[in-house]
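Since the structure comes first, as structure tokens, the remarks are kept for the end.
Side chains are part of it too, since the values below use all heavy atoms of this structure and drop only hydrogens, waters and symmetry mates.
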Amino acid sequence: MKALEGFAILLALARVIPRIEGCIRVPPGVTAAKSPVDDNYVLSVNGNTQSYVPGQRYNVSLSAFSGLTFISFMLALDLESGDGDGDANALGTWEIADLAETRFSPRCPNLVENTNTNVKTRVDVFWVAPSSPGQGCILLRATVMQHRDVWFMDDGFLTKRMCEEEVDDIDTQPSIVDPCCACDEAKYELTFEGKWSRHTHPKDFPANSWRTRFSDIIGASHTLDYRFWQYGELASEGLREVAEHGSTRTLESELKDQSEHIRTIIKARGIAYPNVTGKTFAVFRVDSNHHLISLVSMVDPSPDWIVGVSGLELCLPNCSWVENKVHNLYPWDAGTDSGPSYMSADQPQVPPDVVRRIKSNFPNDPRSPFYDPTGAQMKPLATLHINRRRLYEKNCESSDSEQVPPECATNSWSRWDECTTKCGPGKQYRIREFKNPALASRHRCNNALREEKNCLGHKCAGFNEETAEGGETEVAPPPGSSDDPQCGLSDWSEWSSCTVTCGTGEMTRSRHYLNKKAKKKCQKASKARLHETKICEAMECGGDIENEGGAGEPEEEQAGGDGGGSAEKRSIFRNFESYSQHREDYIPPVCGVTPWSDFSPCMGPCGGHGKRQRIRKVWNNNQVYGVTDPNDDGQDPCRHIKLHEEVNCTNPSCDTIVPGFCYEELTDSPCRDNDVANFWYYDHVSDQCAIYWSDRCDTNRNKFKSKEECEETCRLPRHKQELQHDGIPATDCVVSDWVSHSCNASCGDGFQLRTRRVLRTPKYGGKPCPKHLVRLDRCYQRCDDMYSISGRGFGERRHVVRAPQPEPQDECRYSEWSAWTPCTATCGDNAVRQRTRTLMNTDLSFKCKDRVRMEKCVMMPCLLTSNDDPERW
């Protein structure tokens, strides 16, 4: 009997031990214990993401750095909580990316290992996150064997922790349907309803409620592979203008440039006080290719906050369209301004950050109006209501590719590659793979794994000038489109004038369909080029833009000379110059570039020639964000970008020239002397002469003893210079409304400072600015009497007169600080303001010198409306 019991135990162990040994992740054949951690082996997820969305697919890489290699590996999944045994969905699943290097382990489920012992520096696999939410954090673990005596497991960067992304359940966007099999087209009505008010979001709600609004709404219905804004991506220039100023013009232009990805541009009027909680409407259409919508609106006032959706799916897996949907909208930070509150002054984010969702715990800054130390759920700022209004039935025949056996199942199509040409007709490609290539090969599946389509490059700014001025090279339309008489095109218009008057600009020309009603149908079929652009050099700045290599060479062509040879030389030179221009204008994605600064004043003698300069700054995004690029060759990818530009200029006559020191900003005095006096300086931004305090250590050259001297030296010559530009319409001065400051008395009568600032300076004989930008008004503050109970009778009160305290004779006694003066400039980084106080006991002036306080103003950057505007100076 005992023998039978012992045999049963041995049989049970025989069944269990192989399964236990099969899941052991110690590499077979090792001859030593696990080595200490080595940070040169890294398990990473593409995009360096730290969280996952249920059901999403992620690219996981195991890489060796610093010249190291490995010959074998294992990749496994574990729940951080240790639960979930037996639940295959709790961990997600691996997917093989390279059959030559990776395979599923035959010993343990959901474990990937090497197929050979070749030397490796990187392997890639796919991990599909658990489809059901609530699984918590999952650990992606790796074992790496460098050789038989050196191997590593789980330590350091060989474990990647991925936690489920926190999303609001009722506000989650539906999963993307790819491909969308809906045959019919649909028309939707979109309702944007504001929810933002002092009652729903009371924390730091703007005091001036009349300023609150949602800007005009701009968006589009578009293809799967296009987004004009997206979480984790940098904002485009158009999105920046919407987020900071509520202007949709640039973003709308960007959307029109991507017409091949867009079905309908969505536009709706913004809603403003007192109707911020009202509604606004728009309509749009979708089809099987354009089944996503994205839109955005600015929250005003704010630094750069927006509400909207990015890539909201309206197609259903059952090949139909969503009937109605309600989606709450929360604030997003566009990453272009670093202000923390509604009324923060403009503080440009340099370098720009990516678009991020604002939550009650992000940013972790108590100044944020959405900050909540408890992490409570936020209330939405707006709600989106989407209702289907109509279906447009189409005749669609189901293709064979939609009805394939399970053995031939494929992954989703990749995104379309960029067009193979920058300008003109080209090709775009996309690929996909079998989910199980070995099984598909055995069943001889013939699914298309590669697709191509025609495309048209739109970056034609630098095509050969000779071709543009001579014979026109037309884009060959697709077959059938040229035979349609409705698609006739007009002749090209004349080239427009250059977009700048000094330096390098652009010229454009256009044509149109003779039958305007057929434009949409014809353009969809032929995609004919309706606009062309070419480079131009404007010479109306007193000279030419200098060549990098020195002065320009004079033309060698002479009368009776070898005209053909000269023409050939000029053609070669133009092609080389065009290549150089393309090289300098190309901005790689890894490089960040600021806009060009304004051109400096013309540096040279009055009535003679001089130089004007402008600059910009460049940074490497990989260095800023600490990203390691495996393809980095050690050279700076931004080294070719032009940082400095210089042009020749001619100064006007001496009686109209503005001295250079009139444009100098004030600098702080290195010392504080008791001999302080009033002086005047010229503020070139506001075109005003202003007062400031100066002592014996002051070294500013922009300094005058009287206002008249300041105006005669700087202001009047500048006006004379602007009046010389005949034919240019006058520009009147624009000033802001009066802003009231606090009363300088805490009890009784006092004075209150009111200021306004110049928003736009007058030009070309326009209405001048008012002389008074500061006004002093009387004010009154109520005084609360103080009483005490006397000992002569219960409840009797009398006014307390406090005995004056003896004044120390050896301490500095000052008056109250004056109100802050207006900032010395209305924009830029060099604006300052100051306040003063008077020394009461003047006999201690030798030691009491703390009478002037100066601080830097936080102002918005100056707008670069035209870098090449010669009249600016």
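- Two residues are said to be in side-chain contact when any heavy atoms from C-beta on lie closer than 4.5 Å; Thr159 and Leu43 fail this criterion.
- With respect to the salt-bridge test (charged N to carboxylate O, under 4.0 angstrom), the residues Glu237 and Arg240 qualify.
- A side-chain N or O of Ser341 and one of Ser344 form a donor-acceptor pair less than 3.5 Å apart.
- Side chain to side chain, Asn40 and Ser66 meet the donor-acceptor criterion of an N or O pair below 3.5 Å.
- Residue Ala129 comes nearest to Pro54 through the heavy atom pair CB-CA, 4.4 Å, listed as atom of the first residue, atom of the second, then distance.
- Residues Asp372 and Lys203 have side chains not in contact (no heavy-atom distance under 4.5 Å, counting atoms from C-beta outward).
- Side chains of Lys279 and Thr191: no donor on one and acceptor on the other come within 3.5 Å.
- For Ser209 against Tyr273, the heavy-atom pair with the smallest separation is O-CD1, 3.2 Å.
- For the pair Ile218/Leu255, a side-chain contact is recorded, criterion being any heavy-atom separation below 4.5 Å from C-beta on.
- Between Asn620 and Pro637, the closest side-chain pair of non-hydrogen atoms falls below 4.5 Å.
- Across all their heavy atoms, Asp337 and Gln347 have their closest contact at OD2-N, 3.1 Å.
- Ring orientation note: the planes of Trp196 and Tyr342 are tilted relative to one another, at an angle of 30° to 60°.
- Side-chain contact, Asn289 with Thr223: no donor N or O sits under 3.5 Å from an acceptor N or O.
- Taking the six-membered ring where the residue is Trp, Trp332 and Trp229 present perpendicular rings, their angle passing 60° and hence far from 30°.
- Between Glu95 and Arg57 there is a salt bridge, since at least one side-chain N of the basic residue sits less than 4.0 Å from a carboxylate O of the acidic one.
- Put simply, the residue from Tyr330, Trp305, Phe362 that forms a ring-ring contact (aromatic ring centres under 6.0 Å, His included) with Phe370 is Trp305.
- Side chain of Asp333 to main chain of Pro303: no donor-acceptor pair is present (N/O by atom type, distance under 3.5 Å, no hydrogens or angles).
- Cys315 has its side chain within reach of Trp321: a pair of non-hydrogen atoms, C-beta onward, lies under 4.5 Å apart.
- Between Leu759 and Arg757 there is a side-chain heavy-atom pair separated by less than 4.5 Å.
- One finds a salt bridge joining Arg213 and Asp300 here, because a Lys/Arg side-chain nitrogen approaches an Asp/Glu carboxylate oxygen to under 4.0 Å.
- Counting only heavy atoms from C-beta outward, the side chains of Lys379 and Lys195 never approach each other to under 4.5 Å.
- Heavy-atom minimum distance, Thr250 versus Gly238: CG2-CA, 3.8 Å.
- Between Tyr58 and Tyr52, the ring centre distance reaches or exceeds 6.0 Å.
- Ring-plane geometry between Phe228 and Tyr226 is classed as tilted, the angle between the planes lying from 30 to 60 degrees on a 0 to 90 degree scale.
- A donor-acceptor contact closer than 3.5 angstrom links the side chains of Arg122 and Ser61.
- Of the candidates Ile293, Leu295, Leu292, Leu312 forms a side chain to side chain contact (heavy atoms under 4.5 Å, CB included) with just one, namely Ile293.
- Panel note: side chain Ser368, backbone Pro363; no donor-acceptor pair is recorded below 3.5 Å.
- One finds no salt bridge joining Asp287 and Arg285 here, because no Lys/Arg side-chain nitrogen approaches an Asp/Glu carboxylate oxygen to under 4.0 Å.
- The shortest side-chain heavy-atom distance between Ile615 and Leu643 does not fall under the 4.5 Å cut-off.
- For Ser294 (side chain) and Gly311 (main-chain N/O), a donor-acceptor pair under 3.5 Å exists by modelled atom type.
- Side-chain N or O atoms of Trp94 include one that pairs as donor or acceptor with a backbone N or O of Asn110 at under 3.5 Å.
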